[in-house]
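Accompanying notes for the structure given below.
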Amino acid sequence: MVGRIRSEIEASGPMPFDRFMELTLYGPDGYFRSNILRSQRDGDFLTSPEVSSSFGTVLANAVIAERERVGVPFTVAEIGAGSGSLLQPLVEALEPPPDRVIAVEVSPAARRSLMKRLPLADVVESLHEIAGGVTGVILANELLDNLPAALVVRRGPTWRERAVDVSAGELVWVEVEARTEAARWAEAYGGRVPEGGQVEVQGEAGRWLLASLDRLFSGAVIVIDYGDTAEGLEHRRLEGTLRTYRDHHLGPDPLSEPGLTDVTMDVNFTALASVAAEHGAVTELWRQDEYLAKWRLLEHIAELKSREHQAAAAGTTMERLRWRNLVTGAEALLHPRGLGDFRVLVARE
Ligand SMILES: C[S@@+](CC[C@H](N)C(=O)[O-])C[C@H]1O[C@@H](n2cnc3c(N)ncnc32)[C@H](O)[C@@H]1O
């Protein structure tokens, strides 16, 4: 991995960070291409559906409403579907079942898990394998925070770009003249940035959203992730939001062990919403706790609690503990400083 990066830098000069992310996460020996399933308890991070199957069960209510709006034949697609922990309970809660289920995953380990959990789904490697004209819902949970982004830094009236170079055989950060597109993106969506502050330029996330909307004849793209509006991210600009994760903890500098850590950032939902609006979609932006409450997570938790009380009254301890765990997991989805603080963008066509 480091050899590949080094030779590309030696041939073409300092590497923009979006290219570095593309190689370290998606390259032949990249983080997502390995045989390890990343989104689970013994992986590097835990996502909402890995914390609680209630996430998929409750999102099914949003999908049912969308099906009532746009009609059939109806497709449910998840991009970056991981182990299937969102899609499986969601599809199981749909009555009648959707006409087509598609799971898109770059990771071979995740594709194996998806084929096992969702034997009737089409499991494919890239969004581009989905033909256009879909009526339905395209979902992405914690996908866009990993899409390659450039980094620019405010220097006086201009922007400089953070890139990766080689010095004494080691990968090092350097600042180079910012590419025009990157500077333009930062001006448009960076919000107020102090001197030396950093903006993650998420052009690829915008292109992903456009590619998804292009595939939709009618229905919705639902993007869920950590992040905020441009304004909401302003207080993070001095440090920037780029970080790595390993074993459920913050990891080292992204240059120190390329290919071995998750590289991620907060999603700029102002940029996404404006890309969707320019495409002609109608958008809504929610906090995850409010969005799940709208789709009846609180009623679902009340039901789980009543099952727990019934098990307690019947004296079945293991059963009571099982319901208690389900309640705890479902409540975690609403934690105001945790998963509940995620954002949900709904873009309808
Ligand atoms: C953080 S995990 C989330 C998994 C799942 N959505 C969940 O919520 O548990 C991100 C997943 O997206 C996959 N992934 C990343 N980039 C992708 C891309 N461009 N296309 C399809 N899958 C991608 C990764 O392999 C990984 O399984």
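Order of appearance sets the numbers: ligands from 1, and atoms from 1 within every ligand. Just so we're clear, the structure is a prediction, and the values are computed from it rather than from any experiment.
- Geometrically, ligand 1 and N146 share no nitrogen or oxygen pair separated by less than 3.5 Å.
- In L143, the part holding a heavy atom less than 4.0 Å from any atom of ligand 1 is the side chain.
- Checked for salt-bridge contact, R348 and E66 meet the test: a charged N lies under 4.0 Å from a carboxylate O.
- Taking a cutoff of 4.0 Å between a charged side-chain nitrogen and a carboxylate oxygen, E331 and K305 qualify as a salt bridge.
- Neither the backbone nor the side chain of W208 has a heavy atom within less than 4.0 Å of ligand 1.
- Salt-bridge formation is detected for the pair R100/D122: a Lys NZ or Arg NE/NH1/NH2 atom is positioned less than 4.0 Å from an Asp or Glu carboxylate oxygen.
- For ligand 1 and P49, the ligand atoms under 4.0 Å from any heavy atom of the residue are 7 (C), 8 (O), 9 (O).
- With a 4.0 Å heavy-atom cut-off, ligand 1 is reached by the side chain of T47 but not by its N, CA, C or O.
- Salt-bridge check for D289 with R337: failed, with every basic side-chain N at 4.0 Å or more from each acidic carboxylate O.
- Heavy-atom proximity to atom 3 (C) of ligand 1, evaluated over N141, D262, L127, is greatest for N141.
- Residues passing the side chain to side chain donor-acceptor pair (under 3.5 Å) test with Q198 are R162, E200, sequence neighbours excluded.
- Note: F32 and Y26 have tilted aromatic rings, judged against thresholds of 30 and 60 degrees for the angle between ring planes.
- By the 4.0 Å heavy-atom criterion, V106 is counted among the residues contacting ligand 1.
- Of the listed options E22, E142, E125, E78, E142 places a heavy atom closest to atom 10 (C) of ligand 1.
- The shortest N or O to N or O distance between G80 and ligand 1 is under 3.5 Å.
- Applying the ring pair (Phe, Tyr, Trp, His ring centres under 6.0 Å) test to every pair with at least one member in residues 142-199, sequence neighbours left out, gives these pairs: F17-W173, W185-Y189.
- Any N or O atom pair closer than 3.5 Å counts here, and Y26 shares at least one such pair with ligand 1.
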